[in-house]
Amino acid sequence: MPDDKRSQDSATRDQSLQGQQDQEQQAERTDFLREIVQQDLASGRVKSVVTRFPPEPNGYLHIGHAKSICLNFGIAKQFGGRCNLRMDDTNPTKEDVEYVDSITTDVKWLIDGWADDLLTLKPAGATPGVSKTSAGEDDFYLPGLLPADTAGQAVEPFYASDYFEPLYNYALELIRKGKAFVCDHTAEEVDAMRGSTDTPGTESHYRGRSVEENLDLFERMRAGEFPDGARTLRAKIDMSAPNIWLRDPIMYRIRHASHHHTGDTWCIYPMYDFAHGLSDYVEGITHSICTLEFEVHRPLYDWFLDALDLARVHPIQREFARLNVSYTIMSKRRLLRLVQEGKVRGWDDPRMPTISGMRRRGYPAEAIRAFCDRIGVAKRENTVELGLLEYFVRDDLNKRAPRAMAVLRPLKVVIDNYPDGQTEEFEAVNNPEDPSAGTRKVPFSKVVYIEQDDFREVPPPKYHRLSPGVEVRLRAAYLITCTGVVKNPATGEVVEVHATYDPATRGGDAPDGRKVKSTIHWVSAAHALSTEVRLYDVLFTVESPDNVPEGGDFMDTLNPESIEVLADCKLEPSLAAAAPGARYQFERLGYFCADPEDSKPGAPVFNRTVTLKDTWAKIEKKGAS
RNA sequence: UGCCCCGUGGUGUAACGGCAGCACGACUGACUCUGGAUCAGUUAGUCUAGGUUCAAAUCCUGGCGGGGCAGCCA
């Protein structure tokens, strides 16, 4: 479903164009993860590919998640597989349905028209089916449904919490095998006994409990007989392992807390390391792709899978380096702080690096995908320049955004020799990059607004725009020459410019072939739509707000000028019909998007998505320095 | 300083023992009814020291540098 109200044929054109690009890119793009998948397929270790995107519903998805989504869906797409959306919700105290909903929306939006056909969900309310293995053990399996197979039935994302019962079962099995035990040590004791990086830990006093006692205690843990923190279930591995995570890690903790998805059914909750790999297994995941910090957990991921006698092929975990983008932060905790402390208007504030924020700001999903494709994937720490993301936004919007004229900081121009009360209409091209976008009518009259930046009483070197005695073109209208200015006597500020037009230049071309150095945009004062436009800049003033120096706080680097609200901009009247979410290029300024929340019928409010490249600003800056 | 991972132009990423390439950026110029777009060009890189080899970004060893790991978080 297109996210805005573009015409049907325009949306179709975008899709076929995108499809071609995807094919081209995928034919050549490869990375170490795709090579692993390729080899697994070639060797027959797996016969098809199933990946998963497993966010914890404790915050909104951001551009870093977009990288992961594009990777997981991209791999599935490239190798004819599928990708499950799973809420990794094993901690009841941190998660919330608000996040489940936003995550689902954001994933669908990001992959729409690209990989939405392989987004695997499951029937609403479905839990894993059980079958007996040849060894007589329970095998839990919950395959998902592709959109093509749902046939109108209600579906929902997968939830790790839907596997609490199977997981409990697997835990029991581990206890029976003597590979897990109930431990009564306090959190502090466990912590102290874990040892340190260079000294081995100490075994739990309860490590030698009998299978029967462990079974009994674990069942009573589930039954709610013990308070929070009283006991844990631990894997029995090796307290002197050099890898800390192998030192009898905790599998279950007691939490008498309501869970957003399972309610009060449980008071024991599985830990990530125990739950994740087995959740992957239950869903039939073949390749479990995560970020680098989980690399040291990989032996544990494999240990749980190997410790059980599982019937089907094991998933494998592989890790890649998370995305960092300059001038922004990726930590969900910190993003939450921005929201809670009111530094932004919400998770979807257009300044946020969240998917919902970028969507609201006007970033097309295609641009975000192209960005993720271009940055590649590897294992080294990386910080991608924000400019690259913006490049893809401009690149995409340039091809599809209809042009319009808008004056952000109006300066009145009176064309003295133009007849009072006369109005005429000019035909303006909607998109010079796309002839099929057609033209529109723009009204013109004696008084027009131009951008304050487009007039200088004393033009600096190389300034080609309007100034006294200079002739410029009003885009698609007439050539005009500045004849004088009116100033505010108190401040000396130019409040009005006077000009004359050449009637022979109707449409913008001079019959005598004379050239002008500059074309500027304008809006007829009598016809202008006055509305609010919001300009955005980076949220932080430093390249790496995540790495603030000792004693500092990332909040100290917030950009006080990250938003500028212009209350009375003058737009060409056709923009009154802008649908919420519709994207335009305001000529010579940038790309703008009608805010989906604040726009009213006939009264859109615009967000600046990204500026156009500004060569003049560069020249001016160079001249100043 | 225990274990694990990683070092290629300013940034990101290729090259899988055989010509160090691509994209963004930066800089020139052309073109232009958007100082946009487009087009042409320039700039700039294998952390380091040894070793193996006809040949090393790639394999081996050491050094240096960066990152991760000691939640009953994920």
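Reminder, nothing fancy here: chain letters follow the sequence lines and each chain counts from 1.
Here the nucleotide nearest the side chain of A:Trp245, chosen from B:rA14, B:rC69, B:rC4, is B:rC69. Of all nucleotides listed (B:rG35, B:rG2, B:rG36), B:rG36 comes nearest to the side chain of A:Lys613. If you check B:rG2, B:rG68, B:rG35 against the side chain of A:Thr197, the one that comes closest is B:rG2. For A:Glu587, the side-chain atoms get nearest to B:rU34 when compared with the rest of B:rU13, B:rG35, B:rU34. Of all nucleotides listed (B:rC72, B:rA74, B:rG68), B:rC72 comes nearest to the side chain of A:Ile250. Here B:rA70 is the nucleotide among B:rA70, B:rC73, B:rA14 with the atom lying nearest to any side-chain atom of A:Asp191.
Between the side chains of A:Asn91 and A:Thr93, at least one donor N or O lies within less than 3.5 Å of an accepting N or O. A:Glu587 and A:Gln585 share no donor-acceptor pair across their side chains, judged by distance under 3.5 Å alone.
The shortest distance between the side-chain N/O atoms of A:Arg588 and the OP1/OP2 oxygens of B:rG35 is below 4.0 Å. Between A:Lys618 and the phosphate of B:rA26, there is a side-chain N or O to OP1/OP2 separation shorter than 4.0 Å. Residue A:Arg194 places at least one side-chain N or O closer than 4.0 Å to OP1 or OP2 of B:rG71. Side-chain nitrogen and oxygen atoms of A:Arg380 include at least one within less than 4.0 Å of the OP1 or OP2 phosphate oxygen of B:rU13. Taking only side-chain nitrogens and oxygens, A:Thr90 comes nearer than 4.0 Å to OP1 or OP2 of B:rA74. Between A:Arg253 and B:rA74, a side-chain N or O to OP1/OP2 separation shorter than 4.0 Å is present. In terms of phosphate contacts, A:Thr30 brings no side-chain nitrogen or oxygen within less than 4.0 Å of OP1 or OP2 of B:rA14.
Note that A:Arg52 lies outside the cation-pi zone of A:Phe158, set by a 6.0 Å cut-off to the ring centre and a 45° limit from the axis.
What separates OH of A:Tyr391 from C1' of B:rU38 is a distance of 11 Å, to the nearest Å. When the C1' atom of B:rC5 is taken as reference, atom CZ of A:Arg298 falls 10 Å away, rounded to whole Å. Rounding to whole angstrom units, CG of residue A:Leu466 and C1' of B:rU34 are separated by 16 Å. The separation between A:Phe53 atom CZ and B:rA74 atom C1' is 13 Å, rounded to whole Å. A:Arg247 places its CZ atom 18 Å from the C1' atom of B:rC72, with the value rounded to the nearest Å. The interatomic distance linking A:Lys379 (NZ) with B:rG12 (P) rounds to 18 Å, in whole Å. Atom CD of A:Glu293 and atom C1' of B:rC6 are 15 Å apart (whole Å). In this entry the distance linking CG of A:Leu388 with C1' of B:rG25 reads 9 Å, nearest Å.
Using a 4.0 Å heavy-atom criterion, one finds that A:Phe392 contacts no nucleic acid atom at all. At the heavy-atom level, A:Tyr463 lies under 4.0 Å from base atoms of the strands shown. Looking at heavy-atom distances under 4.0 Å, A:Glu385 makes contact with a base.
Contact record, A:Thr505 with A:Asp502: OG1-O, 2.6 Å, taken as the closest heavy-atom pair.
With centres under 5.5 Å and a plane angle under 30° as the test, the ring of A:His276 is not stacked against the base of B:rA74.
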**OP:** Determine, stepwise, if the pair A:Arg255 / A:Asp228 fulfils salt bridge (charged side-chain N to carboxylate O under 4.0 Å, His left out).
**Re:** CA-CA 5 Å; A:Arg255 283 262 188 292; A:Asp228 286 6; 5.2 Å; no

Original post:
Stepwise, does the salt bridge (charged side-chain N to carboxylate O under 4.0 Å, His left out) test hold for A:Asp614 with A:Lys618?
Top reply: CA-CA 7 Å; A:Asp614 191 348; A:Lys618 206 179 281 185; over 6 Å; no

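Glycosidic conformation of B:rG62: anti, with the torsion beyond 90° of 0.
One P atom belongs to B:rC54, the other to B:rA49, and the distance between them is 23 Å to the nearest Å. B:rA44 and B:rG2: their P atoms are spaced 43 Å apart (whole Å). B:rU11 and B:rG17 are spaced 29 Å apart, taking the C1' atom of each and rounding to whole Å. Between B:rC59 and B:rU13, the two C1' atoms lie 23 Å apart (nearest whole Å). Between B:rG71 and B:rG65, the two P atoms lie 27 Å apart (nearest whole Å).
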**OP:** Report the secondary structure of RNA chain B in dot-bracket form, marking unpaired bases with a dot and bases paired to a different strand with |, and treating Watson-Crick or G-U pairs with both distances under 3.5 Å as paired.
**Re:** .((((((..((((....[..)))).(((((.......)))))....(((((..]....))))))))))).....

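The aromatic rings of A:Tyr159 and A:His261 lie parallel to each other, with less than 30° between the two planes, well short of the 60° mark. Note: A:Phe592 and A:Phe586 have parallel aromatic rings, judged against thresholds of 30 and 60 degrees for the angle between ring planes.
Between the A:Arg234 side chain and the A:Met251 main chain, no donor and acceptor come within less than 3.5 Å of each other.
Under 4.0 Å is where a charged nitrogen must lie from a carboxylate oxygen, and between A:Arg465 and A:Asp453 no such pair does.
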